[in-house]
S.K.: 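One structure, pasted below without further comment.
Values below: every heavy atom of this structure, side chains too, minus hydrogens, waters and symmetry copies. Every chain is numbered from 1, with letters handed out A, B, ... down the list of sequences.
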There are 2 protein chains.
Amino acid sequence: MESRIERIKKQLHGASYKLTPQREATVMVLLENEEDHLSAEDVFLLVKERAPEIGLATVYRTLELLTELKIVDKINFGDGVARYDLRQEGATRFHHHLICIECGSVDEIQEDLLGEVEKIVETRFQFTVKDHWLTFHGICKRCKQKENKKK
Amino acid sequence: MESRIERIKKQLHGASYKLTPQREATVMVLLENEEDHLSAEDVFLLVKERAPEIGLATVYRTLELLTELKIVDKINFGDGVARYDLRQEGATRFHHHLICIECGSVDEIQEDLLGEVEKIVETRFQFTVKDHWLTFHGICKRCKQKENKKK
DNA sequence: ATTACTGCAAAGCCTTTGCATGTTC
DNA sequence: GAACATGCAAAGGCTTTGCAGTAAT
């Protein structure tokens with residue numbers, strides 16, 4: 001069984017890029033923190049632990065490259081910082097996010113809930129959908145439980 | 001019949017803010033360009049035409065204020081610039097956007113297509129939805145027509 | 001008078017770029 | 001050795017902040 005990193009390596013080679021040690025370290029950090037939504041700075045600090053010589057610019061360049069190849073998605077939750085999120089292998093659409101306005105947590109919904117909505121958009125607005133970005137703002141499960149305990 | 005600007009004035013007063021000439025000019029620009037997605041700089045240039053003394057910082061502060069009061073929504077389409085979009089009166093949810101990857105146009109869908117999806121999110125993920133952000137990327141009606149004409 | 005608001009310029013922050021050095025095939 | 005990739009520092013672009021002056025109650 002081929003590993004995820006090997007498949008990413010092939011993807012890079014296919015686009016005539018190399019998987020340098022710095023790029024590999026960056027990808028590893030993303031794989032190990034798949035649940036998180038790391039900023040370039042976050043990634044940089046984590047990559048430094050395994051490749052101390054790396055520069056911030058290289059991290060930015062690598063993240064840009066991975067975004068271009070659709071290996072990661074670049075998102076902005078409105079705080080002025082770009083965050084990077086690994087795309088599920090083979091996914092044609094970006095997954096959805098749940099942002100809690102109480103605790104700031106960001107959860108993911110991997111399942112695509114927009115199938116029907118996209119059909120409406122395609123027919124009613126004659127817009128051919130290639131991808132989507134969907135984020136909900138509200139109160140997460142954990143914060144609601146906390147609220148209930150107080151009562 | 002009360003005008004939109006008067007209602008916004010009352011909203012400001014209700015939150016103990018004043019509708020100064022600068023703020024009024026800014027709101028007027030937003031009302032007159034309701035279809036667009038103006039950046040702070042865009043707003044600044046347009047406001048200057050009717051209030052030449054205004055400073056960019058005041059525009060930023062006004063837009064922040066209007067965002068806080070939910071009169072406008074601040075959005076980021078991924079180009080590193082914040083854009084400001086008037087919220088429909090009485091709307092509890094932000095409207096959807098269609099971004100064309102060919103021509104860069106941004107269209108709006110005022111109708112809320114997420115009713116059913118929100119129900120799923122609420123029950124399956126126990127997340128109480130307060131608002132949502134939905135953007136589609138794809139090819140707009142106009143670009144598709146252009147493509148067809150070529151053939 | 002006190003409080004809110006403005007304009008200007010400076011500072012801040014995130015991100016990109018230029019360039020010399022290093023690496024790879 | 002030609003093309004690509006890196007690290008550092010500098011530059012860039014958008015946004016916020018400090019502060020002195022102005023307006024409003």
S.K.: Quickly work out the A:E41 CD to C:dC13 P distance and round it to whole Å.
M.R.: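 Going from A:E41 (CD) to C:dC13 (P), I get 11 Å.
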
S.K.: From C-beta outward on A:V81, which listed nucleotide comes closest to its side chain: C:dT15, D:dG7, D:dA24?
M.R.: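 For A:V81, the side-chain atoms sit closest to C:dT15.
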
S.K.: In this structure, how many angstroms lie between the P atom of C:dG22 and the NZ atom of A:K18, rounded?
M.R.: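 Spelled out: NZ on A:K18 to P on C:dG22 is 16 Å.
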
S.K.: Touch check for B:E53, heavy atoms < 4.0 angstrom, all strands: base, sugar-phosphate only, or nothing?
M.R.: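 Sugar-phosphate only.
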
S.K.: Could you check whether B:H95 and B:D85, counting side-chain N and O atoms only, form a donor-acceptor pair closer than 3.5 Å?
M.R.: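 The answer is yes; a qualifying pair exists.
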
S.K.: If you compare every side-chain N and O of A:Y60 against the phosphate oxygens of C:dT15 (OP1, OP2), does one of them come in below 4.0 Å?
M.R.: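 It does, given that an N or O in the side chain of A:Y60 lies less than 4.0 Å from OP1 or OP2 of C:dT15.
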
S.K.: Nearest whole Å is fine: how far is C:dG7 P from B:K48 NZ?
M.R.: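 Answer to the nearest Å: 10 Å.
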
S.K.: Below 6.0 angstrom between ring centroids: does that apply to A:H37 and A:F77?
M.R.: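 Distance test on ring centres: under 6.0 Å, yes.
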
S.K.: Between B:E24 and B:R50, is there a side-chain N and carboxylate O pair less than 4.0 Å apart?
M.R.: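 Salt bridge absent between B:E24 and B:R50.
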
S.K.: When B:Y84 is tested against each of B:L38, B:D73, B:T67, B:D36 for side-chain contact (heavy atoms from CB on, under 4.5 Å), which residue passes?
M.R.: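 Among B:L38, B:D73, B:T67, B:D36, the one that satisfies the side-chain contact (heavy atoms from CB on, under 4.5 Å) with B:Y84 is B:T67.
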
S.K.: Please check the phosphate of C:dT6 (OP1 and OP2 only) for any side-chain N or O of B:T20 closer than 4.0 Å.
M.R.: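 Answer yes for this pair, as a side-chain N or O of B:T20 is under 4.0 Å from OP1 or OP2.
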
S.K.: In whole angstrom, what separates B:R61's CZ from C:dA9's P?
M.R.: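 Atom CZ in B:R61 sits about 14 Å away from atom P in C:dA9.
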
S.K.: Measuring from the side chain of A:A57 (C-beta onward, heavy atoms only), which nucleotide among D:dC8, C:dA9, D:dT15 has the closest atom?
M.R.: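 Selected nucleotide: D:dC8.
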
S.K.: Using a cut-off of less than 4.0 Å, is there contact between a side-chain N or O of B:Q22 and OP1 or OP2 of C:dG7?
M.R.: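 B:Q22 to C:dG7 OP1/OP2: side-chain N or O found under 4.0 Å.
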
S.K.: Over how many whole Å does the gap from A:L56 atom CG to D:dC8 atom P extend?
M.R.: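 Atom-to-atom, A:L56 to D:dC8, this comes out as 10 Å.
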
S.K.: To the nearest angstrom, how far is B:L19 atom CG from D:dA23 atom P?
M.R.: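 Answer to the nearest Å: 17 Å.
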
S.K.: Closer to the 5' end of DNA chain C via nearest nucleotide, is it B:G55 or A:A40?
M.R.: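 Mapping each residue to its closest nucleotide by heavy atoms, the 5'-most match is B:G55.
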
S.K.: For the pair made of CD1 in B:I54 and C1' in D:dG21, what is the distance, rounded to whole Å?
M.R.: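 Result: 17 Å.
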
S.K.: Report the distance from atom CG of B:L65 to atom P of D:dT17, rounded to the nearest whole Å.
M.R.: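 Distance, rounded to whole Å: 15 Å.
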
S.K.: Could you check whether A:R23 gets within reach of a base, just the sugar-phosphate, or nothing at all, counting any heavy atom under 4.0 Å?
M.R.: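 The residue A:R23 makes sugar-phosphate contact but no base contact.
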
S.K.: So, for A:S39 and A:R83, which heavy atoms are closest and what is the spacing to 0.1 Å?
M.R.: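 It is N-NH1, 3.8 Å.
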
